[in-house]
Amino acid sequence: MESSWGKVLLYLTLITNLTLQGVRGWTGEIHGRVVCDVCADSSVGPEDHVLEGAEVAVLCITKTGEVLNYQAFTDSKGIYRVAETMPASDRWDACLARPISSFHEHCTRLGDSNSGVKFSYNHPSGYSHTVRPFVYRPTNVPTYCI
């Protein structure tokens, strides 16, 4: 019985090795942060905070011309991330990240220069691209900011 299990394990190992040798995978990641600029002063201060649950869209075109659309939400640290593993020949070429919405009831107005960020993705497998933060502002600036 032991020899038949040994043969099965050897067979599975050989199949796995042959499969991995024939496929060259590429992995990429895009991440960024979404924040609330409470005083709407375009500077980071102690009153500002990250936005959990903010929605961000990331649109990428691959080297082969395929268009991929991703949707991400920020975590408790205000960070969103999208990642993909694909054949190296199909990897991302250029991407556009843009904020979609903030679900924070006091900070829903998109900052002036936050329509989106276009960038080329030329990182090797396993590396990531950091997008500058997207900023939302409150509809009414608190009186302690004025």
Side-chain angles (χ1 to χ4, degrees), residues 5 8-146:
W5 277 112
V8 168
L9 288 175
L10 178 62
Y11 177 73
L12 289 174
T13 302
L14 288 172
I15 293 297
T16 302
N17 287 340
L18 289 174
T19 303
L20 290 176
Q21 289 174 2
V23 176
R24 291 187 177 256
W26 174 88
T27 300
E29 180 183 292
I30 298 165
H31 62 264
R33 180 170 283 197
V34 181
V35 298
C36 178
D37 182 9
V38 174
C39 289
D41 58 3
S42 300
S43 66
V44 177
E47 69 282 348
D48 299 330
H49 58 87
V50 298
L51 290 177
E52 181 177 5
E55 184 179 8
V56 176
V58 179
L59 182 74
C60 292
I61 187 164
T62 66
K63 296 275 186 192
T64 58
E66 182 179 4
V67 177
L68 302 172
N69 193 15
Y70 303 94
Q71 176 184 13
F73 293 89
T74 56
D75 61 15
S76 62
K77 296 177 182 174
I79 297 172
Y80 66 91
R81 61 181 86 246
V82 297
E84 185 78 73
T85 299
M86 59 183 57
S89 59
D90 291 338
R91 64 184 223 101
W92 297 328
D93 187 35
C95 298
L96 167 70
R98 63 184 185 90
I100 299 297
S101 63
S102 164
F103 296 107
H104 191 277
E105 64 186 56
H106 301 294
C107 208
T108 56
R109 200 182 70 183
L110 196 54
D112 297 333
S113 62
N114 283 291
S115 59
V117 177
K118 293 183 239 178
F119 54 94
S120 295
Y121 197 99
N122 52 12
H123 300 295
S125 183
Y127 287 84
S128 64
H129 180 87
T130 303
V131 178
R132 67 171 169 71
F134 293 123
V135 178
Y136 282 88
R137 296 177 174 164
T139 304
N140 298 310
V141 175
T143 55
Y144 62 82
C145 293
I146 301 173

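All values below were derived from every heavy atom in this structure, side-chain atoms included, with hydrogens, water molecules and symmetry-related copies excluded. Numbering of residues begins at 1 and proceeds along the displayed sequence.
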Sorted by chain and residue number, the side chain to side chain contact (heavy atoms under 4.5 Å, CB included) partners of S101 (sequence neighbours excluded) come out as E55, F103
Side chains of P99 and V34: closer than 4.5 Å at any heavy-atom pair? no
Could you work out, with ring pair (Phe, Tyr, Trp, His ring centres under 6.0 Å) as the rule, every residue matching Y121, not counting sequence neighbours? W26, W92, H123
Gap between atom CG of L59 and atom CG of L96 - 0.5 Å precision: 6.0 Å
Could you walk me through whether F134 and L51 pass the side chain to side chain contact (heavy atoms under 4.5 Å, CB included) test, one step at a time? CA-CA 10 Å; F134 293 123; L51 290 177; over 6 Å; no
For residues I100 and Q71, determine if any side-chain heavy atom of one lies less than 4.5 Å from a side-chain heavy atom of the other. no
Ring pair (Phe, Tyr, Trp, His ring centres under 6.0 Å) pairs touching residues 39-62, sequence neighbours excluded, are H49-H104
Check against side chain to side chain contact (heavy atoms under 4.5 Å, CB included), I30 and F119: CA-CA 11 Å; I30 298 165; F119 54 94; 3.9 Å; yes
Decide if atom CG of N140 counts as having more than 12 heavy atoms of other residues, nucleotides or ligands within a radius under 6.0 Å. no
Disulfide bond (SG atoms under 2.5 Å apart): pairs with one or both residues in residues 50-104, sequence neighbours excluded: C60-C95
Just list the side-chain donor-acceptor pairs under 3.5 Å for residues 36-46, sequence neighbours left out, or say none.
from : atom 1 : to   : atom 2 : distance (Å)
D37  : OD1    : A40  : N      : 3.4
D37  : OD2    : D41  : N      : 3.2
D37  : OD2    : S42  : N      : 2.8
D41  : OD1    : S43  : N      : 3.2
D41  : OD1    : S43  : OG     : 3.3
D41  : OD2    : S43  : OG     : 3.3
S42  : OG     : R137 : NH2    : 2.7

Checking side chain to side chain contact (heavy atoms under 4.5 Å, CB included) for the pair T130/H31: CA distance, chi angles, key distance, verdict? CA-CA 5 Å; T130 303; H31 62 264; 3.0 Å; yes
Side chains of S102 and T108: any donor to acceptor distance under 3.5 Å? no
Over 12 non-hydrogen atoms of neighbours within 6.0 angstrom of CZ in F73: yes
Give me the atom names and distance for the closest heavy-atom approach of Y80 to A72. CB-CB, 4.0 Å
Residues 60-85 vs salt bridge (Lys or Arg N to Asp or Glu O under 4.0 Å), sequence neighbours excluded, gives E29-R81, K63-D93
Main-chain N/O of I79 paired to T74 side chain as donor or acceptor, under 3.5 Å: no
Is any side-chain heavy atom of V35 less than 4.5 Å from a side-chain heavy atom of V50? yes
